[in-house]
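Presented below is the structure to which this report refers.
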Amino acid sequence: MSPRLLSLAVPTALALGAVLVPIPAASAAPGPSTTTVDATAFAPPRTGRATLSVPRRVEAGKPFTVSGRAPLRTRVTIQALQGRKWVAVRPSVGVSRNGTYSASVRLTKAGSVTLRAVATGPTPATSSGVRTAVFAWFDVAATEPTLRDNVRYGGAVPVNGRVYPLSIAQNYGGSRGSSATWNVNRVCTTLRTTVGVRDDDSSAAVGRVEVWADDAIVIDEPVRFGASKAMSVDISGALRLTFVTYRTETYVRPVFGRPQILCSRNPFE
């Protein structure tokens, strides 16, 4: 219909009482449904920072303290690297309100040990590994000497009312002196022993003992019946230790009661 005729038809239709029905506008094609996702649900957990402070050198069997910082509301476990595995060396400890912690640790074997701190909780964290040198005491007379002359070693000896196991003592008879030498491979720092004379020797017994660390004398001490003296000397860097005893009469047997050396590893392996 032409526009002119349409303009004439509308008033006519109204006059006749016709009802005009509006034609709805064409609707847009429905789009795909969408879902809102909380991105934080897939975010990795927050991680914090942990630190660990360890003494550079410790003694096997003796507790020592480690400390550091860790996130609040976490618990910290101290672990040691054993082979390729991390192993806990003590139960976990809590973190204080200022973000610090401390723990007592005890290691039992000589050698270099790597420790780390692992914090578990809302904000987990792991410290870097920290190395410490573990020193242990080794009995000298538990191992056969490299060289020896007129000496007994490894037995229990009574000195001044006390029995010392794994000791070094001069034999009866023979020369007036005796000696025994052990290689210690430059891994030891300290020698400790108790010197004296056997309790079953003459009451007038007098003698002398010496210890040589390579070419340096580190113990030079007179000994007599009924007396003893505990000694501790530095042997750092020594390759060999030589224990020497001298007697002044036949029935005198000077003694090194249980000599032990403090080493970073077993010096006899």
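Not measured: the values here are computed from a predicted model.
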Any side-chain heavy-atom pair of Phe64 and Val54 under 4.5 Å: yes

Looking at Trp182 and Thr143, would you say the former's side chain and the latter's main chain have a donor-acceptor pair under 3.5 Å? yes

Looking at every heavy atom in both Gly61 and Arg106, which two are closest together, and how far apart are they? O-CD, 3.1 Å

Apart from Val206 itself, which Ile, Leu, Val, Met, Phe, Trp or Tyr residues share its cluster (side-chain heavy atoms under 4.5 Å, direct or through members)? none

Side chains of Asn150 and Ser178 only: does a donor on one sit below 3.5 Å from an acceptor on the other? no

Non-hydrogen atoms of Asp201 and Ala205 that approach each other most closely: CB-CB, 4.3 Å

In short, Val151 meets Asn171 closest at the heavy-atom pair N-ND2, 3.6 Å

Say whether Val197 and Met231 are linked into one hydrophobic cluster, either directly or through other cluster members, by side-chain heavy-atom distances under 4.5 angstrom. yes

Within-4.5 Å side-chain heavy-atom neighbours: Tyr101 and Thr74: no

Could you check whether any side-chain heavy atom of Val195 comes within less than 4.5 Å of a side-chain heavy atom of Phe256, counting everything from C-beta outward? yes

Quick one: which residue pairs count as a salt bridge (charged side-chain N to carboxylate O under 4.0 Å, His left out) with a foot in residues 226-243, not counting sequence neighbours? Glu221-Lys229

Indicate yes or no for a side-chain donor-acceptor contact from Thr132 to the backbone of Pro55 under 3.5 Å, with no hydrogens or angles considered. yes

My understanding is that a hydrophobic cluster links ILVMFWY residues whose side chain heavy atoms are under 4.5 Å apart, including indirect links. Using that, what else belongs to the cluster containing Tyr164? Val157, Val159, Val255

Which residues end up grouped with Ile217 if you chain together Ile, Leu, Val, Met, Phe, Trp and Tyr wherever their side-chain heavy atoms are less than 4.5 Å apart? Trp212, Val244, Tyr246

State, yes or no, whether a side-chain contact exists between Phe243 and Val140 at a heavy-atom distance under 4.5 Å. yes

Any chain of hydrophobic side-chain contacts (each under 4.5 Å) joining Ile168 to Val184? yes

Contacts of Asp215 that satisfy side-chain contact (heavy atoms from CB on, under 4.5 Å) - sequence neighbours left out: none

Value rounded to 0.5 Å, distance of CZ in Phe138 from SG in Cys188: 7.5 Å

Check whether any side-chain N or O of Arg69 sits under 3.5 Å from a backbone N or O of Asn98 as a donor-acceptor pair, and report yes or no. yes

Could you list the donor-acceptor pairs under 3.5 angstrom formed by side chains in residues 85-95, with sequence neighbours left out?
unit_1, atom_1, unit_2, atom_2, d
Arg90, NH1, Ser104, O, 2.9
Ser92, OG, Arg75, NE, 3.1

Heavy-atom donor-acceptor pair, Ser53 side chain to Gly68 backbone, under 3.5 Å: no

Full working for side chain to side chain contact (heavy atoms under 4.5 Å, CB included) between Gln79 and Thr77: CA-CA 6 Å; Gln79 298 179 337; Thr77 301; 4.2 Å; yes

Output, in order, the C-alpha distance, side-chain angles, deciding distance and verdict of side-chain hydrogen bond (donor to acceptor under 3.5 Å, both in side chains) for Gln170 and Arg253. CA-CA 5 Å; Gln170 185 169 344; Arg253 290 168 293 177; over 6 Å; no

In short, Ile78 meets Ala117 closest at the heavy-atom pair CD1-CB, 4.0 Å

Side-chain donor-acceptor distances from residues 257-269 under 3.5 Å, at least two apart:
unit_1, atom_1, unit_2, atom_2, d
Arg258, NE, Asp139, OD1, 2.7
Arg258, NH2, Asp139, OD2, 3.1
Gln260, OE1, Arg192, NE, 2.9
Gln260, OE1, Arg192, NH2, 2.8
Gln260, NE2, Asp139, OD1, 3.2
Ser264, OG, Val187, O, 3.4
Asn266, OD1, Phe268, N, 2.9
Asn266, ND2, Glu269, OE2, 3.3

Any sub-3.5 Å donor-acceptor pair from Thr120's side-chain atoms to Pro124's backbone N or O? no

Could you check Asp149, Leu241, Leu147 and say which one makes a side-chain contact (heavy atoms from CB on, under 4.5 Å) with Thr181? Leu147

Are Val105 and Val134 in one and the same hydrophobic cluster, where Ile, Leu, Val, Met, Phe, Trp and Tyr link if side-chain heavy atoms are under 4.5 Å apart? yes

Worked check of side chain to side chain contact (heavy atoms under 4.5 Å, CB included) between Leu115 and Leu52: CA-CA 8 Å; Leu115 299 175; Leu52 175 65; 4.0 Å; yes

Smallest heavy-atom separation, Pro122 atom then Arg73 atom, equals CD-O, 3.0 Å

Could you pull out all residues at least two apart from Arg198 that satisfy salt bridge (charged side-chain N to carboxylate O under 4.0 Å, His left out)? Asp200

Check side-chain hydrogen bond (donor to acceptor under 3.5 Å, both in side chains) between Asp199 and all other residues, then give those that pass, not counting sequence neighbours. none

Listing request: all salt bridge (charged side-chain N to carboxylate O under 4.0 Å, His left out) pairs with a residue in residues 50-63, at least two apart in sequence or in separate chains. Glu59-Lys62

So, do Tyr153 and Ser167 sit near enough that their side-chain heavy atoms are less than 4.5 Å apart? no

With sequence neighbours left out, what residues match Val233 under side-chain contact (heavy atoms from CB on, under 4.5 Å)? Leu191, Val218, Ile219, Ile235

With sequence neighbours left out, which residue pairs that include part of residues 204-214 fulfil the salt bridge (charged side-chain N to carboxylate O under 4.0 Å, His left out) condition? Arg186-Asp214, Arg208-Asp220

Starting from the C-alpha separation in whole Å, work towards a yes-or-no answer on side chain to side chain contact (heavy atoms under 4.5 Å, CB included) for Ser236 and Thr189. CA-CA 4 Å; Ser236 299; Thr189 61; 3.8 Å; yes

For Ala119 and Val76 the tightest heavy-atom approach is CB-CG2, 4.1 Å

